[in-house]
Amino acid sequence: MHPFRWTPAEGKRHATTDRRRLTGRYPVSEQIETLCGQLVEVAEPSELAWLWETCVSCNESAHLLVASGS
Ligand SMILES: [Zn+2]
C-alpha cells in the first residue's frame with residue numbers, strides 16, 4: 001500500500017499522506033493536508049466527486065512517492 005490516499009476535496013481530487021486516516025474514509029468536512037501543501041476540506045465522496053479533475057501538483061508528488069518506493 002502506498003503511503004498516500006486520494007480524496008475529493010474542494011472541487012478536485014487531492015492526494016494526502018495524512019496518516020491518521022489511512023484506513024477507512026476521511027470524515028466529510030475534515031481538514032487534511034494534501035501532497036500539494038494545501039489544507040483542504042474533505043468533500044462528500046459522491047460518485048460525482050470522484051470524477052473531479054485530479055490535482056496536478058498532487059499527482060506529480062504521488063508519482064515521485066511511488067517512484068522512490070517509499
Ligand atoms: Zn492537491
Side-chain angles (χ1 to χ4, degrees):
M1 183 174 170
H2 299 304
F4 60 89
R5 298 187 60 201
W6 293 95
T7 193
E10 301 188 359
K12 286 187 180 176
R13 294 188 308 116
H14 289 278
T16 178
T17 52
D18 195 324
R19 290 175 184 277
R20 289 171 300 166
R21 308 274 185 192
L22 282 176
T23 57
R25 281 183 172 171
Y26 294 97
V28 173
S29 296
E30 173 128 329
Q31 294 263 323
I32 55 164
E33 190 175 356
T34 60
L35 290 189
C36 59
Q38 297 184 71
L39 267 181
V40 295
E41 197 172 291
V42 173
E44 185 82 43
S46 63
E47 252 177 77
L48 201 60
W50 284 111
L51 298 176
W52 289 346
E53 142 187 35
T54 301
C55 172
V56 173
S57 183
C58 277
N59 198 29
E60 282 174 5
S61 298
H63 276 78
L64 288 176
L65 275 178
V66 173
S68 73
S70 61

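Both ligands and their constituent atoms are indexed starting at 1 by order of listing.
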Worksheet entry | For the Zn ion (ligand 1): protein N/O/S atoms at distances below 2.8 Å | 4
Donor-acceptor contacts under 3.5 Å from residues 34-48 side chains, at least two apart:
| residue | atom | partner | partner atom | Å |
| --- | --- | --- | --- | --- |
| T34 | OG1 | Q38 | N | 3.1 |
| T34 | OG1 | Q38 | O | 3.2 |
| S46 | OG | A49 | N | 3.2 |

Would you give me the side-chain donor-acceptor pairs under 3.5 Å for residues 58-67, sequence neighbours excluded?
| residue | atom | partner | partner atom | Å |
| --- | --- | --- | --- | --- |
| N59 | OD1 | H63 | ND1 | 3.4 |
| S61 | OG | S57 | O | 3.1 |
| H63 | ND1 | N59 | O | 2.8 |

Discussion item. As an exercise, state the distance from CG of D18 to CZ of F4, rounded to the nearest 0.5 Å.
Written reply: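 These two atoms lie 14.0 Å from each other.
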Worksheet item: What is the distance from atom OG1 of T17 to atom CZ of R5, rounded to the nearest 0.5 Å?
Response: 12.5 Å
Item to complete: Of all the heavy-atom pairs spanning W52 and K12, show the shortest one and how long it is.
Response: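 Shortest heavy-atom separation between W52 and K12 comes out as CE3-N, 3.5 Å.
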Response to the item:
Between W50 and R13, the two heavy atoms sitting closest are O-CD, 3.2 Å
